> 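Handing you this structure, nothing more for now.
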Amino acid sequence: MLTAKLFQISYLRNLIFDKMEYNFREVEKNWQAYWAKHKTFKAENTSAKHKYFVLDMFPYPSGAGLHVGHPLGYIASDIFARYKRLKGFNVLHPMGYDSFGLPAEQYAIQTGQHPRITTENNIARYREQLDKIGFSFDWDREVRTSDPQYYKWTQWIFIQLFNSWYNKQSNKAEQIETLFSEFEARGNASVIAACEETKIFTNADWTAFSDKEKSDILLNYRLAFLSDTMVNWCPQLGTVLANEEVKEGVSERGGYPVERKLMKQWSLRITAYADRLLTDIDALDWTDSIKEAQRNWIGKSEGTSIKFKVESEKLEEESFIEVFTTRPDTIFGVSFVTLAPEHDLVKQVTTADQKSAVEEYITFAKNRSERERMADVKKITGVFTGSYATHPFTGKQVPIWIGDYVLAGYGTGAVMAVPAHDSRDFAFANHFGIDKKVIILPAVDWDFADKSYDEKEGKLVNSDFLDGLEVKAAIKKIIAVIEERGLGKGKTNFRLRDAIFGRQRYWGEPIPVYYKNDIPYVLNEQELPLLLPEVDKYLPTETGEPPLARAKDWKYKGEFEYEYSTMPGWAGSSWYFLRYMDANNDKAFVSKNAVDYWQNVDLYIGGSEHATGHLLYIRFWTKFLNDLGFIPVTEPAKKLINQGMIQGVSAFVYRAFVFFPDEDKEKENYIDYYRKNPVFISKKIFELSINGDESAKNKIFSALQKIHKEAGFDSGIGLFQEKTAIHVDVNIVKNDVLDQSAFKNWREEYKDAVFITEENGDYICGSEVEKMSKSKWNVVSPDLMVEQYGADCLRLYEMFLGPLEQSKPWNTSGISGVSNFMRKLWRLYHNGDAVNISDEPATRPELKTLHKTIKKITEDIERFSFNTSVSNFMICVNELTEFKCNKREILEPLAIIISPYAPHIAEELWNRLGHNESVTYAEFPICKEEYLVESSFNYPVSFNGKTRFFQEYDRSLSKEDVEKEVLTLDQTHKYLEGKTPKKVIVVHNKIVNIVM
RNA sequence: GCCCAGUUGGCGGAAUUGGUAGACGCGCUGGUCUCAAACACCAGUAGGAAACUGUGCCGGUUCGACUCCGGCACUGGGUACCA
């Protein structure tokens with residue numbers, strides 16, 4: 001009763017107190033409304049100012065809403081965008097939604113609700129959450145990939161890809177018409193294109209071909225093409241997936257198993273751009289890890305193809321196995337040749353004796369799922385074909401094997417095996433007892449019985465004309481010889497595969513293709529967008545066709561056959577940066593004026609998980625659109641920053657089971673009992689009891705006895721040794737201490753929980769850093785933070801947590817420091833409730849504090865070290881508070897420099913300083929170095945290994961003073977009693993060391 | 001296995017060019033205010049009684065190393081038979 005009353009009094013006092021304090025709720029609401037009303041952040045497409053394009057990777061609007069980790073990158077980009085505006089740039093800072101995707105569709109399958117509805121609801125929630133944080137987005141330029149006005153242009157780009165081929169001579173994509181006229185004039189003999197190997201035909205042949213034949217040939221050249229390819233098929237999702245969407249043999253979304261399957265599919269010929277995607281990386285200001293990941297993904301390797309003649313009586317014609325190797329120097333070490341199980345020659349080279357064994361093996365390899373293959377990489381499997389090939393140099397017979405360690409899709413699908421110098425060949429040879437021949441002598445001791453020597457260093461032996469050469473010289477020589485004798489030729493291979501483009505799903509962009517007599521045609525531009533039709537169910541049809549086959553009243557239904565696949569999730573996101581430049585244009589995907597002005601993204605912020613997916617595709621499309629002359633740039637983003645992930649800190653309580661020795665020990669019994677009286681052991685006691693601490697055990701035991709007594713039992717009591725850790729909602733845990741009553745109310749089953757606590761009655765939870773997720777009860781919502789501390793506080797704190805690029809756990813308790821800082825900042829400008837600003841000139845120390853801060857903040861922002869900025873603001877405000885500084889001369893620039901970080905409070909202060917315009921239109925102040933000069937300082941002197949502060953000098957540092965350093969030397973001599981030092985080391989005008 | 005990033009107090013982290021390591025914040029301890037508490041404010045806070053020792057470990061370069069070089073260990077991320 002008394003405490004309740006007192007609480008009321010203190011509550012009232014706090015209310016009055018609050019009135020004098022910064023009222024972030026009101027201020028933030030007002031300024032957010034002001035920005036929206038005045039379109040403060042609207043970017044114009046024409047300006048005398050320099051442009052600056054700051055882009056975030058737009059989110060997929062999921063049903064779970066945002067957690068505190070999501071806005072991290074947006075806050076950073078917003079700070080930079082606001083900073084650039086203050087620096088006088090015309091800033092484009094847009095936001096949108098990547099709104100096609102699987103989760104909405106899965107939800108639709110379960111509930112029957114149209115994915116559009118789900119998506120719109122989620123977008124509305126995202127928008128609400130984003131608005132609360134006070135971002136400076138130009139919402140007039142919002143894009144949604146699922147909006148027909150947007151995907152019209154995604155479809156249009158697909159059509160451009162379909163209507164293009166890659167000319168390797170000009171090294172760019174060209175209109176398919178140029179190829180067409182070349183075929184009509186001369187056939188394809190002189191065409192060098194990115195395509196599958198094709199038969200040579202003349203212009204006469206071309207004219208004679210049927211329409212279908214012509215179409216098939218052209219498909220082989222088009223950048224968007226249909227082909228029978230091995231795809232990653234996910235039966236549970238009922239769709240194919242790109243390599244990038246498969247992680248460790250299961251689907252990235254959902255984690256379902258993935259199989260290999262041969263299917264007719266739309267693909268994009270990204271491999272045509274492999275070389276350019278690789279070489280252009282170097283010039284980009286992206287992080288090394290992303291650049292490296294892309295290089296590895298493209299996987300360029302230069303080597304040689306070599307032909308091995310097959311010795312087989314069965315074959316009428318001469319037949320060769322072509323292998324690809326990066327180590328032609330090891331040719332004399334070849335002891336067998338291995339074919340991929342899917343290799344064309346497998347059937348022909350298999351002898352009658354081996355036929356059944358080979359067929360058995362091929363069936364085995366085919367049915368082995370991707371997952372199994374990855375799981376037992378070390379398991380070696382293979383079979384001998386019975387045939388031999390002729391070694392091109394020694395003329396000896398080498399056996400031909402089949403093994404699934406050779407991939408059909410890479411190189412030629414066949415390898416020459418050199419067991420002594422390749423670890424995979426070594427393992428294979430060891431397993432099947434094939435002999436090895438050492439042909440490179442390493443400089444170090446090497447046990448060839450144990451492992452292969454794969455290094456590209458050493459001298460060649462047993463290698464005929466290569467003997468005595470170093471590896472590098474040998475490679476050069478052998479390539480020359482191979483080419484001279486026509487045994488093969490230098491060849492470059494890429495790991496990168498063409499991107500499979502069709503998805504057997506509903507919620508995506510329809511591929512704008514229809515079929516007439518089995519020939520694919522693209523729609524006319526006027527017919528776009530090809531709208532996503534309504535369907536009764538979002539599942540495949542009974543005959544296994546994609547959901548779009550269910551559409552009843554599609555435009556040309558019955559007239560032509562439509563393509564039923566939709567585009568993959570990455571289609572819309574592969575060009576969205578361009579749409580922001582001219583988001584509402586219905587004549588073109590972007591106008592020439594707009595793209596000429598905005599060019600490309602200056603700063604792109606997003607997660608590193610897109611390294612080999614989105615970030616590769618967006619570069620590909622950009623290059624393609626540039627080739628066709630639609631845009632002036634070849635890269636989408638000049639600078640890329642990857643923000644780290646914010647992890648959750650899960651809290652745990654430890655549950656002990658109680659049972660009664662004299663009762664039935666069946667499991668149900670004590671589970672039942674526990675449900676009535678769960679016992680929780682604190683982290684400390686839990687750990688101690690594990691380590692066999694007797695006193696802790698006794699403590700648990702006596703606590704259990706107490707519980708037991710209260711329950712009305714007389715008999716002995718026991719503690720079940722296996723304790724369970726339970727995730728507990730982090731919102732009822734503060735500084736590791738559990739809110740015990742909240743915990744009891746949290747779940748019905750914990751209603752009667754009994755706690756074994758520390759001496760002071762606190763229950764200390766265990767904690768662990770994990771991914772932030774609902775199921776782990778460690779999600780902290782930004783709404784809650786904004787509600788409790790304000791948007792500015794959240795923004796500052798997210799930056800303060802640590803370096804932007806680093807992953808770090810969220811810890812709400814630290815936010816109070818930032819909250820305190822906000823109050824101190826407010827008080828600088830106020831005395832009680834009233835604004836208290838003086839027009840007196842500032843003192844030198846005050847000016848020094850200000851300009852030091854301007855300098856540091858500028859440097860911090862420029863090098864994206866936002867965490868140190870927040871510290872520097874705190875130092876600045878602490879110093880000014882100490883000075884009791886309320887000078888306009890100081891506080892006005894302070895409001896400006898803090899505005900990118902804490903825009904709401906900055907606007908309010910700016911307004912209270914008497915300005916009518918938004919602080920956004922102010923000018924970022926420039927540091928005046930003269931105020932930074934030290935008036936006095938200590939010389940630290942290291943002498944005989946000890947550092948002493950030499951003497952305090954009262955002087956300012958100017959250029960002349962630096963030259964007058966001799967004076968300091970005099971002082972040094974005096975100090976050292978007339979001895980002359982050998983060396984006096986001066987750094988930043990300070991003597992730091994004296995060498996005698 | 002390979003590639004990339006990292007390892008600093010009780011915790012998050014700072015040190016920008018090789019120049020007084022631990023800024024700033026959290027937490028903790030003590031004090032002021034209060035009947036009491038919360039809030040707020042003030043002081044202290046790497047370890048050690050001290051000499052000294054301290055940036056994952058071993059060694060090197062340097063007058064001087066968290067920073068540069070060589071080797072190792074561990075943590076996180078990416079990748080996976082790419083010939």
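This is a predicted model, so every value here is computed, not measured. Just so we're on the same page: letters track the sequence lines, and every chain starts at 1.
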> So does T338(A) get a side-chain nitrogen or oxygen closer than 4.0 Å to the phosphate oxygens (OP1/OP2) of A83(B)?
no

> With distance as the sole criterion, is a donor-acceptor pair present between the side chains of N642(A) and T287(A) under 3.5 Å?
yes

> May I ask you to check whether S452(A) and D422(A) show a side-chain donor-acceptor distance below 3.5 Å?
no

> The side chain of P803(A) lies closest to which of these nucleotides: A83(B), G12(B), G13(B)?
G13(B)

> Rounded to whole angstrom, note down the P distance from G10(B) over to A46(B).
10 Å

> Is the glycosidic torsion of G64(B) within 90° of 0, making it syn, or is it anti?
anti

> Given that K856(A) and I875(A) both sit by RNA chain B, which one's nearest nucleotide is further toward the 5' end?
K856(A)

> Nearest to the W297(A) side chain among U79(B), A15(B), A83(B), which nucleotide is it?
U79(B)

> Examine F428(A) together with F336(A) and report whether their ring centres are nearer than 6.0 Å.
yes

> Please report the distance separating the C1' of C24(B) from the corresponding atom of G18(B), rounded so that it comes out in whole Å.
24 Å

> Measure centre to centre between the rings of F494(A) and W297(A), then say whether the value is under 6.0 Å.
no

> Would you call E292(A) and R295(A) a salt bridge, using N to O less than 4.0 angstrom?
yes

> Do I434(A) and W401(A) have side chains that get closer than 4.5 Å, going by heavy atoms?
yes

> Pick the nucleotide of RNA chain B nearest each of I290(A) and F494(A); which residue has the one closer to the 5' end?
I290(A)

> Which of the following nucleotides, G13(B), C24(B), C41(B), is nearest to the side chain of N867(A)?
G13(B)

> Take atom CZ of R495(A) and atom C1' of C81(B), then tell me their distance rounded to the nearest Å.
12 Å

> On a whole-Å scale, what distance lies between the P atoms belonging to C81(B) and G27(B)?
50 Å

> Just to be sure I understand the rule, does E292(A) reach a base, reach only the sugar-phosphate, or reach nothing, if contact means heavy atoms closer than 4.0 Å?
sugar-phosphate

> To the nearest Å, how far apart are I898(A) CD1 and C24(B) C1'?
14 Å

> From the options U16(B), G13(B), C24(B), select the nucleotide whose nearest atom is closest to the side chain of K808(A).
G13(B)

> Atom CZ of F324(A) and atom P of A83(B): how far apart are they, to the nearest Å?
7 Å

> Students often get this wrong, so: under 4.0 angstrom with heavy atoms, is D860(A) touching a base, only sugar-phosphate, or nothing?
nothing

> Rounded off to whole Å, could you give me the CG-to-P distance for the N296(A) and C81(B) pair?
14 Å

> Which is true for T287(A) with a 4.0 Å heavy-atom rule: it touches a base, it touches only sugar-phosphate, or it touches nothing?
nothing

> Expressed as a whole number of Å, how far does the P atom of C42(B) sit from that of U61(B)?
49 Å

> Looking only at side-chain atoms of D422(A), point me to the closest of A83(B), G25(B), G13(B).
A83(B)

> Looking at A83(B), C41(B), C26(B), which one has an atom nearest to any side-chain atom of Y410(A)?
A83(B)

> Give me the distance, rounded to whole Å, that separates A21(B) from C35(B) when you measure between the P atoms they each carry.
48 Å

> Select one nucleotide: of C26(B), G25(B), A83(B), the one nearest the side-chain heavy atoms of S813(A).
C26(B)

> For RNA chain B, please output the secondary structure as dot-bracket, reading 5' to 3'. Pairs are Watson-Crick or G-U wobble, both atom distances under 3.5 Å; mark crossing pairs with [ ], other-strand partners with |, unpaired with a dot.
(((((((..(((......[....)))((((((.......))))))((....))..(((((..]....))))))))))))....

> Are K300(A) and D275(A) ion-paired here, with the side-chain N under 4.0 Å from a carboxylate O?
yes

> Measure from the side chain of S289(A), starting at C-beta and using heavy atoms only, and say which of C24(B), A83(B), C4(B) lies closest.
C4(B)

> In whole angstrom, give me the gap between the P atoms of A15(B) and C66(B).
15 Å

> Which nucleotide, U16(B), A40(B), A23(B), lies nearest any side-chain atom of R823(A)?
A40(B)

> Consider the side chain of K824(A), meaning its heavy atoms from C-beta on, and name the nucleotide among C4(B), C41(B), A40(B) that approaches it most closely.
C41(B)

> Check step by step if side chain to side chain donor-acceptor pair (under 3.5 Å) holds for T849(A) and E879(A).
CA-CA 7 Å; T849(A) 295; E879(A) 284 177 12; 2.8 Å; yes

> Between F80(A) and F864(A), is the ring centroid distance below 6.0 Å?
yes

> What integer number of Å spans the P atoms of U34(B) and U29(B)?
23 Å

> Would you say N878(A) places a side-chain N or O within less than 4.0 Å of OP1 or OP2 belonging to G25(B)?
yes

> Roughly how many Å is it from CD in Q806(A) to P in A5(B), rounded to a whole number?
14 Å

> So what does D425(A) touch, heavy atoms closer than 4.0 Å: a base, only the sugar-phosphate, or nothing?
nothing

> Measure CG/N642(A) against P/G78(B) and give the value in whole Å, please.
13 Å

> Are any non-hydrogen side-chain atoms of D425(A) and Y405(A) less than 4.5 angstrom apart?
yes

> Whole-Å distance between A40(B) C1' and M822(A) CE?
18 Å

> Rounding to an integer number of Å, can you tell me how far Y797(A) OH sits from G13(B) P?
10 Å

> Given the P atoms of G76(B) and A83(B), what is the spacing between them in whole Å?
29 Å

